[in-house]
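Just the heavy atoms: all of them, side chains too, but no hydrogens, waters or symmetry mates, feed the values below. What you are looking at is a predicted structure, and each value in this text was computed from that prediction instead of being measured. Throughout, a chain's letter reflects where its sequence line sits, starting with A, and its residues are numbered from 1.
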Amino acid sequence: MSVSLTWRAAIVSVALFACFVLAWHVATQGTGVTAKMDPEYAKLMGATATQGKSAMPGPLDVGATLWSHIRNPFYDNGPNDKGLGIQLAYSILRVLIGYSLAVLVAVPVGFLIGMSPLMSRALDPYIQVLKPISPLAWMPLALYTIKDSSLSAIFVIFICSLWPTLVNTAFGVAQVRKEWLNVARTLEVGRLRQAVTVILPAAAGTILTGMRISIGIAWLVIVAAEMLVGGTGIGYFVWNEWNNLSIVNVIVAIVAIGVIGMVLDLILARLAKLVTFAE
Amino acid sequence: MSNFISIEGISRRFGATAIFENLWLPMARGEFVCVIGHSGCGKTTVLNILAGLDAPTDGAVIVDNKAIDGPSLDRAVIFQGHSLLPWRTVLGNVAYAVSSRHRDWSRAQVNAHAQKFIDLVGLTGAEHKRPAELSGGMKQRVGIARALSIEPKIMLMDEPFSALDALTRGTLQDEVRRICTDTGQTVFMITHDVDEAIYLADKVVLMTNGPGAVLAEIVDNPLPKARSRTDFHKHPLYYAVRNHILDFLVERSRSFDKSGHDPRRIRHVTPGLPEPAIATDTSFASARRSIS
């Protein structure tokens, strides 16, 4: 029997998932009545103490909550009770604004660094110092100067998305095959037209790879940033549900963050494929 | 004879090492010149200087009465690696060159002109393929079409066929020869394939090993201009020429005695002729007449 690799991999994936869910279900089951006590007192103590039920929600609880969120993602019952869809939309919006600004800055500056050995040397120390700074370390400074929590979060996304795209663009531009540039030179193509017709397409794959790393980091950082600034967004949702001791909602949010991160990565991977050509 | 191309005393040095020193070489319009020598002797550097991609440390190159100052559309280069732009199709690669030559042309004009040269190298039907979908021979054809499409005064070829298998190489040599003869193209080609040089060239320039390489002598090819792949190797003088060049590559390229060598008056030889004489242009011509 020949089943394609894709199908066999899918079967293994599903089987692993089933095992995990089953183990999770069994592990969070109650062990039955542990101690006889007065019913009034038992009510006070809750199921964890009286029936040995785990404080961790089981897969069925999480599934039910997830389903209710999916059925009604955009409800808004005030500042502390908004649908998961609204919270995710806030986060995605912030990421897209900060990320787009970062790309708009990083690609031209990366071009400059890649094309000019002078600028490359001159800017290198700044990049080396700024790059390893945790984006969240900028938060107090941003809050102090911008005086707006939402804009500060966007600024933090901007800062963290900047470096991978910048460094990759510079690398891609500097690594353009010499022969291609020589082709353009022997055709008397001017510097600007060279940049657009040879360097940009030749470096596009590397630039897109940098942008893909950037969006991954941006999506990692937005959760932490929103935990700090609060108000809206998936990061705030996680923290708020933790304060509510609603572990079910925390787990649902974790799943949602993972799925959105995967989708963002897939989009950029697809774009990178579009601009990469085999030689 | 007025020289169309004149290499005048060029040297290229990196620090204290000279790749080559004081090279002089005249070329006439419509001439096919092959430079042959071992790897690393500086052949490619000479070609890059002719292309304007590299500058000589000393000396100058005059083309059509003007000193070379950077690359020009008058001098097309066919690179060793095909160096096609992988994100453009065959048509796109040729059209890129055409639109660089004729900035004011419409897209339709550019494409029509490019198509003419794609047809010329026998790639009709493959216009919309990308380089990755082409065989090595087809890629090099695109490179040739691209170089021809700008209708240059000179074609510079840097071992254009060295990466191809023997059969493909033969076919492409035939086509390059046909196209260059038909259009009266002036060609400067680098090779290390002796048969290729004999088949294609009017003159074969022998270059000694670097560092400090010199042009040792010029072999005036005694084979008739109208030669064909099927029987050029049966010509009575073929082996004389071949042995002469091979002897040079094997032995004399290393041990060439530079004393008494005048770089401005390189010895012309015509192997196989009774007197491999110091040739002036007239004695060369009469020698050639006597054998054909």
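Residue A/Phe171 places its CZ atom among 12 or fewer non-hydrogen atoms of other residues, nucleotides or ligands, all under 6.0 Å distant. At most 12 non-hydrogen atoms from other residues, nucleotides or ligands lie less than 6.0 angstrom from CG of A/Leu192. The local environment of CG in B/Asp182 is crowded, with over 12 non-hydrogen atoms from other residues, nucleotides or ligands closer than 6.0 Å. Heavy-atom contacts from other residues, nucleotides or ligands closer than 6.0 Å to CZ of A/Phe111 number more than 12. Applying the 6.0 Å contact sphere to CZ of B/Arg103 captures more than 12 heavy atoms from other residues, nucleotides or ligands.
Within the structure, side-chain hydrogen bond (donor to acceptor under 3.5 Å, both in side chains) pairs that include any residue of residues 179-190 of chain A comprise A/Arg177-A/Glu179 (at least two apart or interchain).
For A/Val198, the parts sitting under 4.5 Å from any heavy atom of chain B are the backbone and the side chain alike. Both the backbone and the side chain of A/Ala202 come within contact range of chain B, each with at least one heavy atom under 4.5 Å from a heavy atom of that chain. For chain B, the nearby parts of A/Thr197 are the backbone and the side chain; heavy atoms of each come within less than 4.5 Å. Using a 4.5 Å cut-off between heavy atoms, B/Leu84 contacts chain A through its backbone alone, with no side-chain atom that close.
Rounding to the nearest 0.5 Å gives a distance of 8.0 Å between OG of B/Ser149 and CG of A/Leu187. Annotation: the span from A/Lys178 atom NZ to B/Phe79 atom CZ amounts to 10.0 Å, rounded to 0.5 Å.
Of all heavy-atom pairs spanning B/Pro86 and A/Ala278, the tightest one is CB-O, 3.5 Å. Here the shortest heavy-atom pairing between B/Ser100 and A/Val189 reads OG-CG2, 3.6 Å.
Among the candidates B/Asn48, B/Ile150, B/Leu73, the residue making the largest number of heavy-atom pairs closer than 4.5 Å to chain A is B/Leu73. Most heavy-atom pairs under 4.5 Å with chain A: of the set B/Pro152, B/Gly52, B/Ala97, this distinction falls to B/Ala97.
Interface residues of residues 112-144 of chain B toward chain A, defined by a heavy-atom distance below 4.5 Å and sorted by number: B/Arg130, B/Ala132, B/Lys139.
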